[in-house]
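Position 1 is the first residue of the sequence; numbering continues from there.
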Amino acid sequence: METKRKNTGIVITLLALVILLAIVPLFLKKGAEFGGSDDAGSVMVEEVSGKAYTPWFTPVLESMLGGELPGEVESLVFCLQTGIGVGVIAFFMGRFVERKKQESLHNDNN
């Protein structure tokens, strides 16, 4: 019972640290702009080459719609992509755990 309390304390402490790591920088860097890696990459290419960066192609959805996606739709598509990826990873991890349980049950019965 004592180890369960100890583990709970450790988990709560680690969660608090993660939350602090996520929130504290927002207050320390007030007024900072958080840009994406695409923007940073194009700026770096322009600095190194001295020429304006031109993309190789336009995104499929933007070319189909004839313009840039609204921010909300872009966020939705990104979240859907993330959810699908997490679902696939969780599925395979679950399969591996179940396979290991079945193997241990099979080995215990023999």
Going by the rule side-chain contact (heavy atoms from CB on, under 4.5 Å), which residues pair with [X] if we only count those two or more places apart in sequence or in a different chain?
X: K101; value: V97, E98
X: V24; value: L20, L28
X: T82; value: F78, V86
X: S63; value: T58

Between [atom1] of [X] and [atom2] of [Y], what distance do you get to the nearest 0.5 Å?
X: E46; Y: M44; atom1: CD; atom2: CE; answer: 11.0 Å
X: L14; Y: L21; atom1: CG; atom2: CG; answer: 10.5 Å
X: L80; Y: S75; atom1: CG; atom2: OG; answer: 11.0 Å

Residues that, via side-chain heavy atoms closer than 4.5 angstrom, fall in one hydrophobic cluster with I89: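 Once heavy-atom contacts under 4.5 Å are chained together, I89 belongs with M93.
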Can you list the residues that meet the salt bridge (charged side-chain N to carboxylate O under 4.0 Å, His left out) rule with K100, with sequence neighbours excluded?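 Not a single residue meets the salt bridge (charged side-chain N to carboxylate O under 4.0 Å, His left out) criterion with K100.
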